[in-house]
Q: 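Structure incoming, see below.
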Amino acid sequence: MTNLQKLLNAAATLCGFYALVTGIGALSPALLVAAGLVIAGGLRLSPVLAGAWPGAWSIVMRSQFDLLISFVAAGAVLAALHDGMAGAVWAIAIAAWLHGWLAVEKTIADDARSMGHNWVVSLGVPLFFGFWLLFFWEALTIGLGIPTVLLPPPSMIGARLVSSTAILMADFRQTFLKAVLAGYAIGCGSAVLVAILVDRNDFLRRGLLPIGNFISALPIIGVAPIMVMWFGFDWQSKAAVIVIMTFFPMMVNTLSGLSAASVMERDLLNTYAAGYWQSLFKLRLPAAMPFIFNALKINSTLALIGAIVAEFFGTPIVGIGFRISTEVGRMNLDMVWAEIAVAALAGSASYGALSLLERRVTFWHPSYRTE
Amino acid sequence: MTKSSSSSTVIKAEKLNLDFETNDGVVHALRDLDLEIEAGEFVSFIGPSGCGKTTFLRVIADLETPTAGSIAVNGQTPDQARLARAYGYVFQAPALLSWRTINRNISLPLEIMGLSRAEQQERVERTINLVGLDGFGGKFPWQLSGGMQQRASIARALAFDADLMLMDEPFGALDEIVRDHLNEQVLQLWKKTGKTICFVTHSIPEAVYLSTKIVVMSPRPGRITDVITSDLPDDRPLDIRETPKFLEIAQRVREGLREGHADE
Ligand SMILES: Nc1ncnc2c1ncn2[C@@H]1O[C@H](COP(=O)(O)OP(=O)(O)OP(=O)(O)O)[C@@H](O)[C@H]1O
Ligand SMILES: [Mg+2]
């Protein structure tokens, strides 16, 4: 056990004692069990025990035990939240969190010793952090009685997600599956094609590239009302905003990518008397892929923001942005947060998918090489 | 560019000059170079670093344009010769594409030439075997050592199979044993195919062992100080390097190099 681990364990035990001493009569049975478990976890610090039953001791030292204590305590706190939060309950919440931290510390230490890549660890640790974020969000909003208009607890948002699935799905379809996907595909696709044209033509490169750099620095979202005038209220105007937002970042990146192949690699293809298209497809586009993926990832975020904000300026009565702006007006903040959760999930899922694809396509790039 | 010289002249340079304009003045990379190379010759270029060996090969390959003088490759301009795929070039660095396996790197020029898949595969197998990289065809360049990468790039040039080979220090990064082995291989290949080979090296024994003609160069400005025709027999076992005749030629090359240095 490292010093940090001992410290975490000891601090959790102190919290357990505090909870037991101050709340012995008032605590729910579940909380009492949790406090007892936390204190039992503290017994592991005693050297006497380690000497008496070394076999048993090494088993209870495992991170799984900390995880168990942590989840039992967290569950007991969540169940007791609505009865008001006494100091003793806070102490158990903190003890739960300390044991969670301890479990992660132990797991990471084990993982660092073992060879190879462990998916459970690399996926589990961020999930675990997410859980604790939600836990304290829930505990603080309910425990401190924060008005739901300011910040609803996650449980309320979760309930909304379940009860309004149909509306959320319709909004998702309108904003993401129609506007975002169409705008993103058209914007990125046309930008790559134009970049190839511009790259070939010196006049275009000198003229268009500085303009491209200038425009990609502008807050393009301001054109959203104009696009509504041009393309109507439906998703087409949102897609148009996205096309404008994503076009220049992709064009600028593709252009730098097209000049990424080294001079010697170009010379090599020249010695083979390779034609323009051959060197484009066999050398320059593959070498440009890291740049293109960079823009694809930036644009996936831009596109979602663009679609949502563009809907603030007029839309049929469906869509994530539309719902956010109207439900805010009605003080239905749980619905607003549910829409934000849907958007966040869609955004991270597409970003994650792009990152995976990037790894597959640019596996040769020094930042991804294996072996 | 004249057809008047015998049709077996592969390279003919006359009063060839090349200056590089740099920020701190003009670099005379090549000064008044006169050289004629006949078909089937094995010509080594030797000289101190920066004397213009690479630059001269690049002029032949149409990767650099001379400032003055004339150069003909197979009686054509370098540009025409390049488009006719008259030569294979081994660069001083491997220049392998990192997203292609070794096999697919070797077949890159063959794809560009539009050869059939079967033909590509046959040539890849033959040349990868020649440079001793069997079993590494499926690896990516960054998974191999520097010397193995250089051998892959040699295999790629051999697979291209042009009548003229331009090789810029192809064995510079290799250990002595592999180098000896590849020297023998290149010599055998040259004897068998009758290719014309221009070969840059810093090693005097390598130059003498391989060449029918050794061009000694000196720097600032880059020019030819001596052209030594070797009269060693065509059949050259490795231990020919111990014979008096061999050592005599090596001595003359060394003196030529010294002279170039003394001029500075
Ligand atoms: N693109 C360039 N721009 C400016 N100067 C150059 C360029 N290429 C080569 N030179 C200069 O021309 C001279 C000859 O260079 P070159 O590469 O031909 O030398 P080298 O004989 O091949 O040397 P090494 O044995 O080190 O490879 C050097 O002084 C070099 O600095
Ligand atoms: Mg050189």
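Everything numeric here is computed off the predicted structure, so don't read it as measured data.
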Q: Does Phe129(A) have more than 12 heavy atoms from other residues, nucleotides or ligands lying within 6.0 Å of its CZ?
A: no
Q: To the closest 0.5 Å, what do you measure between CG (Leu108(B)) and CG (Leu283(A))?
A: 8.5 Å
Q: Relative to chain B, which segment of Ala261(A) carries a heavy atom at a distance below 4.5 Å: side chain, backbone, both, or neither?
A: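 When you check distances to chain B, no heavy atom of Ala261(A) falls under 4.5 Å.
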Q: For Leu96(B), is it the side chain, the backbone, both or neither that has a heavy atom under 4.5 Å from a heavy atom of chain A?
A: backbone
Q: Which heavy atom of Gln278(A) sits nearest to which heavy atom of Ile112(B), and what is that distance?
A: NE2-O, 3.1 Å
Q: By a 4.5 Å heavy-atom criterion (distance strictly below it), what part of Ala84(B) contacts chain A: side chain, backbone, both, or neither?
A: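 Answer is neither: Ala84(B) stays 4.5 Å or more from chain A.
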Q: Once you round to the nearest 0.5 Å, how far does CG of Asp267(A) lie from CZ of Phe91(B)?
A: 5.0 Å
Q: Is the number of heavy atoms from other residues, nucleotides or ligands under 6.0 Å of Gln121(B) CD greater than 12?
A: no
Q: Counting only heavy atoms from other residues, nucleotides and ligands, does the tally under 6.0 Å from OH of Tyr276(A) exceed 12?
A: yes
Q: To the nearest 0.5 Å, what is the distance between CG on Asp62(B) and CG on Asn270(A)?
A: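 It comes to 8.0 Å.
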Q: Return yes when atom CZ of Phe136(B) has more than 12 non-hydrogen atoms of other residues, nucleotides or ligands closer than 6.0 Å, and no otherwise.
A: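 Open.
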Q: With rounding to the nearest 0.5 angstrom, report the CH2 to NE2 distance, Trp142(B) to His365(A).
A: 12.0 Å
Q: If you look at every heavy atom in Trp99(B) and Pro286(A), which pair is closest and at what distance?
A: CE2-CB, 3.2 Å
Q: Enter the distance from Arg156(B):CZ to Tyr272(A):OH here, rounded to the nearest 0.5 Å.
A: 4.0 Å
Q: Is there a donor-acceptor pair closer than 3.5 Å between any side-chain N or O of Arg82(B) and the backbone N or O of Thr271(A)?
A: no
Q: Looking at Arg126(B), I'd like to know if its CZ atom is crowded, meaning that more than 12 non-hydrogen atoms belonging to other residues, nucleotides or ligands lie closer than 6.0 Å.
A: yes
Q: Name the orientation class of the two ring planes belonging to Phe363(A) and Phe140(B) (parallel below 30°, tilted from 30 to 60°, perpendicular beyond 60°).
A: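 Correct class here is perpendicular.
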Q: Taking it one step at a time, do Gln92(B) and Met264(A) satisfy side chain to side chain contact (heavy atoms under 4.5 Å, CB included)?
A: CA-CA 10 Å; Gln92(B) 210 166 343; Met264(A) 197 186 285; 5.6 Å; no
Q: If you count heavy atoms of other groups shown closer than 6.0 angstrom to CG of Asp19(B), is the number above 12?
A: yes
Q: Heavy-atom distances under 4.5 Å only: say whether Leu83(B) touches chain A with side chain, backbone, both or neither.
A: both
